[in-house]
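Just below is one structure, and these are the notes that go with it.
Just so you know, ligand 1 is whichever comes first in the structure, and atom 1 is the first atom listed for that ligand.
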Amino acid sequence: MATINRLSGLEILDSRGRPTVQVTCELAGGAVGTASVPSGASTGTAEALELRDGDPQRYRGLGCRRAVRHINGELNAALTGRSFEQQHQLDGAMLELDGTPNKSRLGANAILAVSLAFARACAAERGEPLYQYFAGLLGQSLQTLPRPTINLFSGGKHAGEQAPIQDVLIVPASARTIDEALAMTFAVYQAAAELSYRQYGMRALSADEGGLAPPFPSAEAMLSDAVESIRAAGLEPGREIALAVDVASSHFFQQGCYHLGTEPLDSRGMIEQLLNWLDRYPIVSIEDGLAEEDWAHWPELRRRVAGRALVLGDDLLCTNPARIRRAIAVEAADALLLKVNQIGTLTEAAEACQLARSAGWRVTISARSGETEDNWLADLAVGWAGDQIKVGSITQSERLAKYNRLLAIEAETGLPLVNWP
Ligand code: PGA
Ligand code: ZN
């Protein structure tokens, strides 16, 4: 039983220098937990509402003072003095208080920050690590560590749209530990930085998630340069390092066509394009290969890609249990990209995770492009036994906070790395 003594919110800045929300939750027993929420740029339209002030004179409308006022005012007043036996009781109380389907009144950023800070305070009160507390939310024991999928090259909304696809990621397939995975990644990242300089005259300036973002002439160039970087690092593409891609295709889908190269592609053409990449590059996972509103063609994509690569839904699913149920029913995907702030409470994200698992899907636990130095995501990926964790590149402290936490959890638990792909 945890009784809330006080909730205090604070507007802080994320890795893009935009405001976001941090909450400190004090329990009556003295335990304290603080947590911050991230923010996306390549957002799905079905995401829960991130409340922004809309004042153009301050942070171009992106201020979070209203969300913070809701934490210090209404949420603090309604929740202080109340005891919650379990996380879902607190989350349920906040949903009831908000009263909207997408958390638009109090703000998903305010609600999630409270949900996470409460989780941390409860873990502290019980004297258990946060990953253990998260595992308990799903009623499971610790199993494996997630395999990192690491952003190497960036395009799309994270890199000023200089290339159409959003991320080409590397998957250290043969690594047996987080430690080994990161060392392999470093070798490939350095080789890719040298390639960017040689090929494009670009120094290692990085995009929002820390990926390299030279002016690629085409989507294919991102993939072939990635393979060349793996080879240049002395590693074998496919066997030692595989590729994953976040196509984020909702963002170049207009009037029923995908604007990926010179010729617009219809949905069938886009599927053929993805299959062509699978034939030519060692890709083990395709995220948002089709647009979020192109439901009619996702089942065909899944059918044709199944067994070769994961069909991973991000914008399509938005960590939303109703959308995941629909995708399971029509067999639109076989993997969930889980971002807690797309839905706005730990309890609903846990439900999304369990639904995906019940259909035999893989789960990737993902950060956002706007992150903070908070590292709860690493604990979540371990506690919920994510197959993958997607944090961005191995540069920038808001990304490294998560990798460094994974290293600490690995050292502490000795858990094995999940067997994927
Ligand atoms: P976002 O991008 O955090 O900007 O939404 C991440 C992703 O698309 O996976
Ligand atoms: Zn995505």
Side-chain angles (χ1 to χ4, degrees), residues 14-18 20 36-50 52 62 108-109 112 146 148-161 163-171 206-211 213 219 222 243-253 274 283 285-294 298 301 309-320 323-324 327 332-333 335-344 349 352 362-372 374 377 380-381 386-393 396 398-399 402:
D14 75 8
S15 52
R16 280 187 280 247
R18 298 178 187 167
T20 187
S36 316
V37 296
S39 172
S42 142
T43 47
T45 48
E47 293 194 20
L49 186 111
E50 196 175 65
R52 301 282 185 181
L62 296 174
N109 41 0
L112 179 61
T149 58
I150 302 129
N151 187 313
L152 184 68
F153 292 138
S154 295
K157 286 208 176 329
H158 297 166
E161 323 255 7
I165 56 181
Q166 187 172 290
D167 332 304
V168 171
L169 306 108
I170 57 173
V171 185
S206 58
D208 287 2
E209 295 185 346
M222 292 176 87
L243 297 181
V245 47
D246 182 1
V247 186
S249 63
S250 306
H251 305 288
F252 55 80
F253 184 65
L274 296 170
I283 296 172
S285 170
I286 300 178
E287 179 181 336
D288 284 348
L290 294 176
E292 61 190 353
E293 62 266 52
D294 198 3
W298 275 82
L301 173 68
L310 295 181
V311 178
L312 179 59
D314 171 14
D315 292 351
L316 177 78
L317 305 171
C318 281
T319 317
N320 182 312
R323 293 176 77 90
I324 296 167
L336 166 70
L337 192 89
L338 186 146
K339 292 167 167 166
V340 186
N341 80 326
Q342 281 180 327
I343 187 73
R362 296 278 183 168
V363 176
T364 295
I365 309 287
S366 176
R368 300 306 305 248
S369 51
E371 270 293 335
T372 72
D374 199 335
L377 191 85
L380 190 77
D387 296 286
Q388 290 92 248
I389 182 168
K390 184 184 173 203
V391 171
S393 168
Q396 305 180 178
E398 81 283 3
R399 315 283 147 197
K402 282 73 162 172

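For ligand 1, the atoms closer than 4.0 angstrom to any heavy atom of D314 are 7 (C), 8 (O), 9 (O). Close approach of ligand 1 to G40 is summarised as follows: ligand atoms under 4.0 Å from at least one heavy atom of the residue are 1 (P), 3 (O), 4 (O), 5 (O). Close approach of ligand 1 to E209 is summarised as follows: ligand atoms under 4.0 Å from at least one heavy atom of the residue are 6 (C). Near A41, the atoms of ligand 1 lying under 4.0 angstrom from a non-hydrogen atom of the residue are 1 (P), 4 (O), 5 (O).
E209 contributes atom CD, which lies 6.0 Å from atom NZ of K390 (distance to the nearest 0.5 angstrom). Considering CG of D387 and OG of S285, their distance stands at 10.5 Å, rounded to 0.5 Å. The CG atom of N320 sits 9.0 Å away from atom CD of Q342, with the distance rounded to the nearest 0.5 Å.
Between the side chains of R368 and T20, no donor N or O sits under 3.5 Å from an acceptor N or O.
R399 is not listed as a side-chain neighbour of I150, based on a closest heavy-atom distance of 4.5 Å or more. With a 4.5 Å cut-off on side-chain heavy atoms, D246 and D288 count as touching.
Residues passing the ring-ring contact (aromatic ring centres under 6.0 Å, His included) test with F253, sequence neighbours excluded: Y258. Every residue two or more places apart in sequence or in another chain was checked for a salt bridge (Lys or Arg N to Asp or Glu O under 4.0 Å) with D315, and none qualifies. Under the side chain to side chain donor-acceptor pair (under 3.5 Å) criterion, S206 pairs with Q396, sequence neighbours left out.
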message = L380 vs L338, test: side-chain contact (heavy atoms from CB on, under 4.5 Å). Steps then yes/no.
response = CA-CA 10 Å; L380 190 77; L338 186 146; 4.2 Å; yes
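Geometrically, ligand 1 and S366 share no nitrogen or oxygen pair separated by less than 3.5 Å. Any N or O atom pair closer than 3.5 Å counts here, and S39 shares no such pair with ligand 1. Considering both main-chain and side-chain atoms, S369 comes within under 3.5 Å of ligand 1 through a nitrogen or oxygen pair. Remark: ligand 1 and D246 share an N or O pair separated by less than 3.5 Å (distance only, no angle test). Among the atoms of L337, none of the N or O lies under 3.5 angstrom from an N or O of ligand 1.
Using a non-hydrogen distance threshold of 4.0 Å, E287 registers as a contact of ligand 1.
In terms of protein heavy atoms, atom 8 (O) of ligand 1 is closest to Q166 NE2, 2.7 Å. If you check which protein heavy atom lies closest to atom 5 (O) of ligand 1, you get R368 NH2, 2.6 Å. Nearest to atom 9 (O) of ligand 1 among the protein's heavy atoms is K390 NZ, 2.7 Å.
Shown are the protein N/O/S atoms under 2.8 Å from the Zn ion (ligand 2), given by residue and atom: D246 OD2, E287 OE2, D314 OD2.
Side-chain atoms of S369 come within 3.5 Å of backbone N or O of A41 as a donor-acceptor pair. Without hydrogens or angle criteria, D14 side chain to G17 main chain gives a donor-acceptor distance under 3.5 Å.
Heavy atoms of K339 found under 4.0 angstrom from ligand 1 belong exclusively to the side chain.
Shortest non-hydrogen contact noted between P164 and A219 is CG-CB, 4.2 Å.
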